[in-house]
Amino acid sequence: NAGVMQNPRHLVRRRGQEARLRCSPMKGHSHVYWYRQLPEEGLKFMVYLQKENIIDESGMPKERFSAEFPKEGPSILRIQQVVRGDSAAYFCASSPLMTGANTDTQYFGPGTRLTVL
Amino acid sequence: DAKTTQPTSMDCAEGRAANLPCNHSTISGNEYVYWYRQIHSQGPQYIIHGLKNNETNEMASLIITEDRKSSTLILPHATLRDTAVYYCIVRPLMDSSYKLIFGSGTRLLVRP
């Protein structure tokens, strides 16, 4: 059973360009989460999506950042007009469908390291 | 903010047990204790979780005190590959409580 996949693993962009980060959840998982890890800092929650729905984007910067999880295909985290401060590791996690009051473990992908020149 | 307190760093000898403590004195009755680790530059790896009973799996054991205010993650025979940052996270048992709030974790160094 393949784990969470992210691509690209490394992405270099110049200031002002767009960055698109992709995440394919584990098979059978319909919940996707994005986290960001700035250099020498801890992971911070950005956004939580289910298929075709954004459930919580409270951790995402209000401007330039957007996320989607379409019915078909991977989840996409899009950063427009990147700035140097966007340089970070972006991790995606997935979990199975939550039922009732059960917690579900999140499994992480290997991350995408974005470098903005 | 993270609801847990962990030592900044620890070390242990290869082959020995590594015991990583975590304080969560404000934990509620409906909150689980989760442990993840992050090996340098990799994605966080799930290790184990528990509510009030001790838990064991192929990676580690989790010992939770009776009052649930603290817990210990035990790696029974640490190897060099266990060198990582270990995160202790409390997470409510609620559909809406999906966020994992990572603190600073404990940097474990396994010495040869």
Side-chain angles (χ1 to χ4, degrees), chain A residues 3-7 9-10 21 23-26 29-50 53-60 88-115, chain B residues 1-9 22 24 27-53 55 57-60 62 64 73 84-107:
Chain A
V4 178
M5 294 192 291
Q6 292 187 248
N7 66 82
R9 295 291 305 278
H10 299 274
L21 288 62
C23 168
S24 295
M26 288 178 68
H29 287 192
S30 58
H31 297 238
V32 165
Y33 317 80
W34 287 92
Y35 293 80
R36 178 167 69 172
Q37 187 171 33
L38 295 169
E40 304 304 320
E41 292 190 17
L43 286 92
K44 296 283 194 290
F45 167 81
M46 297 181 74
V47 61
Y48 161 42
L49 309 102
Q50 296 178 19
N53 286 305
I54 296 174
I55 307 302
D56 180 358
E57 56 184 348
S58 61
M60 203 144 71
Y90 292 82
F91 294 99
C92 166
S94 73
S95 71
L97 177 66
M98 291 186 182
T99 55
N102 293 321
T103 61
D104 284 290
T105 300
Q106 295 180 25
Y107 296 91
F108 285 80
T112 293
R113 273 141 197 88
L114 173 66
T115 301
Chain B
D1 290 338
K3 295 180 65 174
T4 62
T5 305
Q6 299 177 252
T8 303
S9 63
C22 179
H24 29 79
I27 194 170
S28 301
N30 66 344
E31 288 182 319
Y32 277 81
V33 179
Y34 274 77
W35 284 84
Y36 282 81
R37 73 180 181 184
Q38 188 174 24
I39 297 170
H40 180 63
S41 297
Q42 298 182 21
Q45 179 186 22
Y46 165 75
I47 301 174
I48 198 167
H49 73 281
L51 185 62
K52 54 184 177 181
N53 297 320
E55 302 288 344
N57 62 21
E58 65 279 2
M59 288 184 68
L62 175 60
I64 303 174
L73 178 75
V85 179
Y86 287 76
Y87 297 99
C88 170
I89 300 167
V90 296
R91 184 184 172 206
L93 178 66
M94 293 168 58
D95 286 342
S96 62
S97 298
Y98 36 79
K99 298 177 190 178
L100 293 176
I101 301 175
F102 288 82
S104 302
T106 294
R107 191 172 297 273

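Sequence lines set the chain letters: A, B, ... in the order given, protein chains first and strands last, and positions in each chain run from 1.
Residue A:Y35 comes nearest to B:L100 through the heavy atom pair OH-N, 3.1 Å, listed as atom of the first residue, atom of the second, then distance. The two residues B:Q38 and A:F91 have their closest heavy-atom pair at NE2-CZ, 3.6 Å. The nearest pair of heavy atoms linking B:Y46 to A:Q106 is CB-O, 4.4 Å.
For A:R113, the CZ atom counts as densely surrounded, since its 6.0 Å shell holds more than 12 non-hydrogen atoms of other residues, nucleotides or ligands. For B:M59, the CE atom is densely surrounded, since the number of other residues' heavy atoms within 6.0 Å is greater than 12.
In this structure, the ring pair (Phe, Tyr, Trp, His ring centres under 6.0 Å) partners of B:Y87, at least two apart in sequence or on a different chain, are B:F102. Taking the side chain to side chain contact (heavy atoms under 4.5 Å, CB included) definition, one finds that B:Q6 meets it with B:T4, B:C22, B:W35, B:C88, B:T106, sequence neighbours left out.
The distance from the CD1 atom of B:I48 to the OG1 atom of A:T105 is 10.5 Å, given to the nearest 0.5 Å.
Residue A:E41: no heavy atom, backbone or side chain, is found under 4.5 Å from chain B.
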